[in-house]
Amino acid sequence: MKDKMIVGLGEASHGTQEFFFQKRRIIQYLVTRDNFRTIAFEAPANFIEPLNKYIQSGEGTLKSTLSSLGLYNADEILRLCDWLRKFNASAAPGEKVKMIGFDDETFWADPLGRDELMAEKFITFQKSDQRKSILWSHNLHIAKDMTMAEYKAMGFHLKAHYGGKYYAVGMDTYSGSVHVLNDGQFESHDFTAKEHSLSALLARAKLEAFFVDFNGAPAALKSAKDITNIYSNWKEPQMLPIVPGSDFDALLFIRKTTASKPSAGSR
C-alpha cells in the first residue's frame, strides 16, 4: 500500500471486534512506515471533529466523545485515538495525523446519491490537504465498482478520480457474533454466511485468518462472488455480490468473528 495515495479499509459490519483490531494495526503501520496522515471516517464531520481535537491536543474526554458515536464507540477506536495522540505529541506540526468525517446527515435522505456526495466531500478535503489518506468505512462504500449490486459506491467515484492511486481492502467473515444498534443501544446477534458464497469457500481454508491479494489471484477467484454483509440495524445477513479484483484489490478474511467491545464504561 505504500505507493498508494488513498487506502480504503472496509468491513462487513460496523460492529465486529476483529475488523476494528486489524484496522487499528494497519493504520498504525501506514502512519509510522508509509507517511499516511489523514484518517477519514464514514461519519459526519461534526461527529469526528472532537476526536480530531483530542488527537491534536488532548482536548476533551475521549470516552465521553466515543459514547455519542454509536457503533464507533469501540475499545479499538479508543486505543487508536490514544496511540494517535501520543504519535502527534512528538510529531512536527506538518506531520501530525488528522481525523475527518466524510459523511453528512443531509446525505442520508438520498441513499442512492449518498456515496457520490461522500466521495465529493472527501475529494474536496484531500485537494486542499494533499496528504496520503486512509478511509474507514463499510465494504459497501469503499468498493470500486459494485455493478453486480447495481450500485455505484463511493469507491467507484474515488477510482474515477485517483485511478490506480486508490487501493480498496474489503474485510469478510463467515460466522460469529456482531453488534448492531437497536434504538441507539448495542444489541448482539449471531450469524452465519450463506453457503455457496465466497465467505463459505474461504472458511474451508486451514488458516483462521488471511489476506488475499486479488490482483495476483487466479482467474477462477475473480468471477462474481458473494461476501457477508451486515447492516447497522439487525437484518439476517444479506450477501453482497462482488467481483474480486474489480470491487476490491484485496480481502482480509477472518473465519469466526466476535461482537465489538464498547469502550470501557460506555454501556
Side-chain angles (χ1 to χ4, degrees), residues 8-27 39-43 47 66 69-80 101-103 108 111 114-115 118 134-143 146 149 151 153-155 168-195 197-203 208-212 225-242 244 247-248 250-263 266-267:
L9 298 179
E11 54 198 15
S13 87
H14 286 314
T16 297
Q17 167 66 15
E18 288 77 9
F19 295 157
F20 287 178
F21 172 74
Q22 295 296 343
K23 284 188 173 188
R24 177 173 62 84
R25 292 181 66 223
I26 293 169
I27 289 171
I39 303 169
F41 277 82
E42 181 197 332
F47 288 21
L66 286 171
L69 292 182
L71 291 170
Y72 286 155
N73 177 20
D75 179 68
E76 289 296 335
I77 295 181
L78 182 147
R79 290 170 182 265
L80 174 63
F102 57 76
D103 202 357
W108 299 348
R114 179 186 171 204
D115 279 72
M118 290 195 297
I134 303 163
L135 306 179
W136 182 308
S137 188
H138 196 284
N139 287 339
L140 275 167
H141 301 301
I142 69 151
M146 297 304 292
Y151 171 72
M154 176 182 178
V169 182
M171 295 192 184
D172 190 24
T173 182
Y174 175 67
S175 66
S177 61
V178 64
H179 266 137
V180 295
L181 291 177
N182 185 356
D183 291 329
Q185 301 299 310
F186 281 73
E187 181 178 272
S188 180
H189 286 269
D190 295 332
F191 68 92
T192 302
K194 305 295 184 184
E195 294 305 320
S197 63
L198 178 59
S199 308
L201 173 65
L202 296 178
E208 289 283 339
F210 49 90
F211 182 89
V212 182
K225 300 284 193 301
D226 290 339
I227 60 173
T228 302
N229 182 41
I230 300 173
Y231 294 102
S232 296
N233 298 318
W234 178 247
K235 299 177 182 178
E236 289 292 329
Q238 298 178 359
M239 306 305 288
L240 180 67
I242 68 163
D247 293 314
F248 300 101
L251 192 72
L252 198 161
F253 180 81
I254 304 168
R255 183 187 301 155
K256 188 171 184 178
T257 52
T258 56
S260 58
K261 298 177 182 177
S263 59
S266 63
R267 287 187 180 275

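Bear in mind that the values here come from a model prediction, so they are computed numbers and not experimental data. Below, all heavy atoms of this structure are taken into account, side chains as well, without hydrogens, waters or symmetry copies.
- With a 4.5 Å cut-off on side-chain heavy atoms, Tyr231 and His138 do not count as touching.
- Remark: the backbone N or O of Glu11 is paired with a side-chain donor or acceptor of Asn139 at under 3.5 angstrom.
- Contact annotation: the side chain of Ser137 never approaches that of Met118 to less than 4.5 Å [non-hydrogen atoms, C-beta and beyond].
- Here the CG-CZ distance, from Leu80 to Arg25, works out to 13.5 Å after rounding to the nearest 0.5 Å.
- Atom CE of Met154 is separated from atom CZ of Arg114 by 10.0 Å, given to the nearest 0.5 angstrom.
- Residues Ile27 and Leu9 have side chains in contact (heavy-atom distance under 4.5 Å, counting atoms from C-beta outward).
- Looking at heavy atoms from C-beta onward, Thr192 lies in side-chain contact with Tyr174 at the 4.5 angstrom threshold.
- The backbone N or O of Ala203 lies less than 3.5 Å from a partner atom in the side chain of Arg255, making a donor-acceptor pair.
- Interatomic distance, Phe253 CZ to Ile227 CD1, rounded to the nearest 0.5 Å: 10.5 Å.
- In this structure, the separation between OG on Ser177 and NZ on Lys256 is 8.0 Å, given to the nearest 0.5 Å.
- Closest of all the heavy-atom pairs between Phe211 and Ala250 is CZ-CB, 3.3 Å.
- Judged by distance alone, the side chain of Asp247 and the main-chain N or O of Met146 form a donor-acceptor pair under 3.5 Å.
- For Phe102 against Ala40, the heavy-atom pair with the smallest separation is CE2-O, 3.4 Å.
- Side-chain atoms of Thr257 and Thr16 include no donor-acceptor pair closer than 3.5 Å.
- Using modelled atom types, one side-chain atom of Asn229 and one backbone atom of Gln238 make a donor-acceptor pair closer than 3.5 Å.
- In terms of heavy-atom proximity, Thr173 sits nearest to Ile254 at OG1-O, 2.8 Å.
- For Asp103 against Glu42, the heavy-atom pair with the smallest separation is CB-C, 4.1 Å.
- Checked against salt bridge (charged side-chain N to carboxylate O under 4.0 Å, His left out), Asp115 has no partners two or more places apart in sequence or in another chain.
- Residues Ser260 and His179 approach most closely at O-ND1, 2.8 Å, considering heavy atoms.
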_Candidate pair Phe41 and Leu69, rule side chain to side chain contact (heavy atoms under 4.5 Å, CB included), full reasoning_ = CA-CA 11 Å; Phe41 277 82; Leu69 292 182; over 6 Å; no
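- Atom CG of Asn233 is separated from atom CG of Asp183 by 9.0 Å, given to the nearest 0.5 angstrom.
- Put simply, the side chain of Glu236 reaches to within 4.5 Å of the side chain of Trp234, judged on heavy atoms.
- The minimum heavy-atom distance between Ala200 and Ser197, with the atom names listed, is N-OG, 3.1 Å.
- Residue Ile142 holds its CD1 atom at 8.0 Å from CG of Leu135, rounded to the nearest 0.5 Å.
- Aromatic ring centres of Phe19 and Trp136 lie farther apart than the 6.0 Å criterion allows.
- The shortest side-chain heavy-atom distance between Lys235 and Val180 does not fall under the 4.5 Å cut-off.
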*Evaluation steps, side chain to side chain contact (heavy atoms under 4.5 Å, CB included), between Arg79 and Phe21*: CA-CA 9 Å; Arg79 290 170 182 265; Phe21 172 74; over 6 Å; no
_Let's go through Ile26 and Leu252 carefully: what are the C-alpha distance in whole Å and the side-chain angles of both, what is the deciding distance for side chain to side chain contact (heavy atoms under 4.5 Å, CB included) to 0.1 Å, and is it a yes or a no?_
CA-CA 11 Å; Ile26 293 169; Leu252 198 161; 4.3 Å; yes
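- With sequence neighbours left out, the side chain to side chain donor-acceptor pair (under 3.5 Å) criterion links Thr258 to Glu18.
- Side chains of Leu198 and Pro244 form a contact here, defined as non-hydrogen atoms less than 4.5 Å apart.
- In this structure, the side chain to side chain donor-acceptor pair (under 3.5 Å) partners of Glu76, at least two apart in sequence or on a different chain, are Gln17, Arg24.
- At distances below 3.5 Å, not a single donor-acceptor pair connects side-chain atoms of His14 with backbone N or O atoms of Ser232.
- Between Thr228 and Leu240 there is no side-chain heavy-atom pair separated by less than 4.5 Å.
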